[in-house]
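As structure tokens, the structure follows; a few thoughts come after it.
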There are 2 protein chains.
Amino acid sequence: MQATGRWADDIYAAIIERMIAGELSPGDALNELPLAEEFGVSRTPVREALQRLSAVGLVERGRRRAFVVKRLDPIAIQDLFEAVGELAALVAGMAALRMNEVERQALAAVTAAGEKDGVDYAEANARFHELIQQGAHNCVLASTIGDLSLRTLPWRGAQLRAKASRVEASRREHRAILDAILARDSAEAAALMRAHIGASFVGIVDMVRRRAETLPLRGPSTESPQATGRRAEPQEALEAGGPSPLRQEPQRNVF
Amino acid sequence: MQATGRWADDIYAAIIERMIAGELSPGDALNELPLAEEFGVSRTPVREALQRLSAVGLVERGRRRAFVVKRLDPIAIQDLFEAVGELAALVAGMAALRMNEVERQALAAVTAAGEKDGVDYAEANARFHELIQQGAHNCVLASTIGDLSLRTLPWRGAQLRAKASRVEASRREHRAILDAILARDSAEAAALMRAHIGASFVGIVDMVRRRAETLPLRGPSTESPQATGRRAEPQEALEAGGPSPLRQEPQRNVF
DNA sequence: TGCAGGTGTTATGTATACATATGCAAGCCT
DNA sequence: AGGCTTGCATATGTATACATAACACCTGCA
């Protein structure tokens with residue numbers, strides 16, 4: 001029917017983007033047939049996409065074995081954020097010992113670029129953390145952080161854009177981390193990174209905890225916004241916003 | 001056709017068990033149709049099982065988009081083993097600070113049990129590491145270690161049974177780790193655990209490196225031992241050796 | 001004899017039909 | 001009137017048929 005084959009990748013990316021956009025909240029149902037009709041494909045690619053989302057931990061099985069956007073209890077959410085912080089700290093400590101001179105200067109340059117007001121801070125921020133992860137010289141740990149960080153997505157939702165007040169603090173923390181790494185102070189780099197990640201997530205953890213206290217056992221969502229009813233052509237639903245960046249970059253950390 | 005539904009779980013577990021048994025080596029092809037015929041099901045559940053294996057990182061796409069048992073270059077394998085060791089060290093350090101009195105005494109009891117000659121050391125070993133992971137009070141980190149440790153499976157193969165010489169050293173290391181945890185010495189517990197895991201893996205890493213030097217760019221396997229040719233009844237292939245323990249326990253670490 | 005292009009085979013990607021399990025609701029029995 | 005059972009609706013699990021892409025081999029030409 002089409003040239004590429006493999007709609008599953010596109011559907012996978014599309015669902016993740018809906019989580020980023022806040023259109024899908026934890027607890028929302030992801031039924032196969034409505035998704036298939038909406039994307040204009042059969043259930044098979046949709047199933048593959050949902051299974052992959054399930055494997056990544058973004059989706060779980062709910063009633064009737066249906067897929068729903070993963071809902072974690074507050075303890076598990078805090079565990080998740082803590083795990084991301086601890087792994088980032090571990091990697092930062094390793095990077096402080098292992099980065100070579102080229103990598104150190106690249107990190108210094110990116111840190112300096114992020115302190116200028118003209119550039120997109122989210123971009124500089126992502127590069128900063130990416131360089132540190134590469135600097136640890138352990139691709140498994142780097143990808144593990146990526147996986148865990150991806151699982152934090154549903155709870156970051158619309159909050160992805162960093163708040164202005166947070167940007168200034170983030171810049172200072174990045175600078176301190178850079179100094180520790182340049183000084184090859186592994187323990188200090190790890191401690192600073194742990195605090196940095198924790199500071200980025202504290203607002204979200206608080207929000208999740210408050211929400212959990214308010215709604216004793218129910219989720220934050222009320223209705224699934226999908227299921228438009230008509231059958232769309234595949235291109236219409238999938239490639240509307242240009243090629244998905246998730247095909248290359250799984251996600252972008254914003255700490 | 002059958003009562004349970006969900007052959008995919010059984011096939012997933014069966015393939016992992018073949019890796020444990022050494023019947024599947026890194027690089028072996030996992031074609032859908034032969035597997036489907038062998039298990040007596042259609043390609044659909046086989047596809048789901050393979051996709052799940054791919055998500056866990058045990059399997060990757062090879063030529064013609066076919067699934068093959070994952071082959072890592074020696075650097076990636078060392079990264080994997082190092083990542084397991086670093087995470088185990090991290091968790092041990094956290095456990096040293098967070099375990100409560102009941103958990104500490106349980107860990108001491110298991111350590112003592114492992115030092116007696118009558119009991120199965122693999123069992124005591126697994127319980128030891130399990131208790132430490134629980135003692136860190138972070139389920140995400142614990143499951144992450146489980147996932148990574150699962151990925152080491154293809155390279156442990158028949159070597160799963162610990163060598164006798166290694167058992168004695170392992171007991172001493174366990175005792176030292178226990179002492180550090182009981183003393184709430186986080187840094188010491190982490191360092192000892194890192195060394196403990198490293199000592200368990202050093203033989204495998206050496207073997208992988210030697211094998212890589214011997215065979216410049218080819219894998220260790222020569223032929224896929226599957227594809228018996230005839231079509232088996234599902235029960236015959238799947239439930240021959242009793243109910244699969246992998247349905248409940250994903251795998252068992254043997255450090 | 002070597003290379004290039006085409007064709008055939010094969011395995012995966014997708015679609016669709018059917019089987020099955022589950023949740024809900026209505027009706028019947030107690 | 002209430003609880004249990006049964007039937008129905010719906011969504012997932014599985015099977016199979018078809019489309020497609022890629023690799024390999026073969027043949028023809030230079």
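In the text below, chain A, chain B and the rest are named by the order of the sequence lines, each starting its count at 1. Just so you know, these numbers come straight off a predicted model, no measurement behind them.
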Of all the nucleotides listed (D:dA11, C:dT12, D:dA15), which has the minimum atom distance to the side chain of B:A66?
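The closest nucleotide is C:dT12.
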Looking only at side-chain atoms of B:R6, point me to the closest of C:dT12, C:dT14, D:dG13.
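Nucleotide nearest to B:R6's side chain: D:dG13.
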Using a 3.5 Å distance criterion without hydrogens, assess whether the side chain of [X] forms a donor-acceptor pair with backbone atoms of [Y].
| X | Y | value |
| --- | --- | --- |
| A:Q78 | A:I75 | no |
| B:D28 | B:S25 | yes |
| B:S54 | B:L50 | no |

It should be established whether A:T44 places a side-chain nitrogen or oxygen under 4.0 Å from OP1 or OP2 of nucleotide C:dT14.
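The answer is no; no side-chain N or O of A:T44 sits under 4.0 Å from OP1 or OP2.
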If you compare every side-chain N and O of A:N31 against the phosphate oxygens of D:dT12 (OP1, OP2), does one of them come in below 4.0 Å?
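Checking D:dT12 against A:N31, a side-chain N or O does come within under 4.0 Å of OP1 or OP2.
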Report yes if the side chains of A:T144 and B:D147 come closer than 4.5 Å at any heavy-atom pair, otherwise no.
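They are not in side-chain contact.
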Once you round to the nearest 0.5 Å, how far does CD of A:Q134 lie from SG of A:C139?
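Nearest 0.5 Å value for the CD-SG distance: 11.0 Å.
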To the nearest Å, give me how far apart [atom1] ([X]) and [atom2] ([N]) are.
| X | N | atom1 | atom2 | value |
| --- | --- | --- | --- | --- |
| A:E32 | C:dA17 | CD | C1' | 15 Å |
| A:R47 | D:dA15 | CZ | P | 12 Å |
| A:L50 | D:dT12 | CG | P | 8 Å |
| A:L35 | D:dA11 | CG | C1' | 12 Å |
| B:F39 | D:dT14 | CZ | C1' | 16 Å |
| A:D10 | C:dG13 | CG | C1' | 13 Å |
| A:R61 | D:dA11 | CZ | P | 15 Å |
| A:I11 | C:dG13 | CD1 | P | 14 Å |

Listed by chain and number, what are the side chain to side chain contact (heavy atoms under 4.5 Å, CB included) partners of A:E82, not counting sequence neighbours?
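Scan of A:E82 (side chain to side chain contact (heavy atoms under 4.5 Å, CB included), adjacent residues dropped) gives A:E86, B:M94, B:R98, B:N138.
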Using a cut-off of 4.0 Å on non-hydrogen atoms, how would the nucleic acid contact of A:R43 be classed: base, sugar-phosphate, or nothing?
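Counting heavy atoms under 4.0 Å across all strands, the contact made by A:R43 includes a base.
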Between C:dG23 and A:R65, counting only base atoms on the nucleotide and side-chain atoms on the residue, is there a donor-acceptor pair under 3.5 Å?
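No pair found.
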Protein and nucleotides 5-8 of chain C: nitrogen or oxygen contacts under 3.5 angstrom:
none

Taking side chain to side chain donor-acceptor pair (under 3.5 Å) as the definition, give me every residue that meets it alongside A:Q51, ordered by chain and number, with sequence neighbours left out.
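For A:Q51, the residues satisfying side chain to side chain donor-acceptor pair (under 3.5 Å) (neighbours in sequence not counted) are B:E48.
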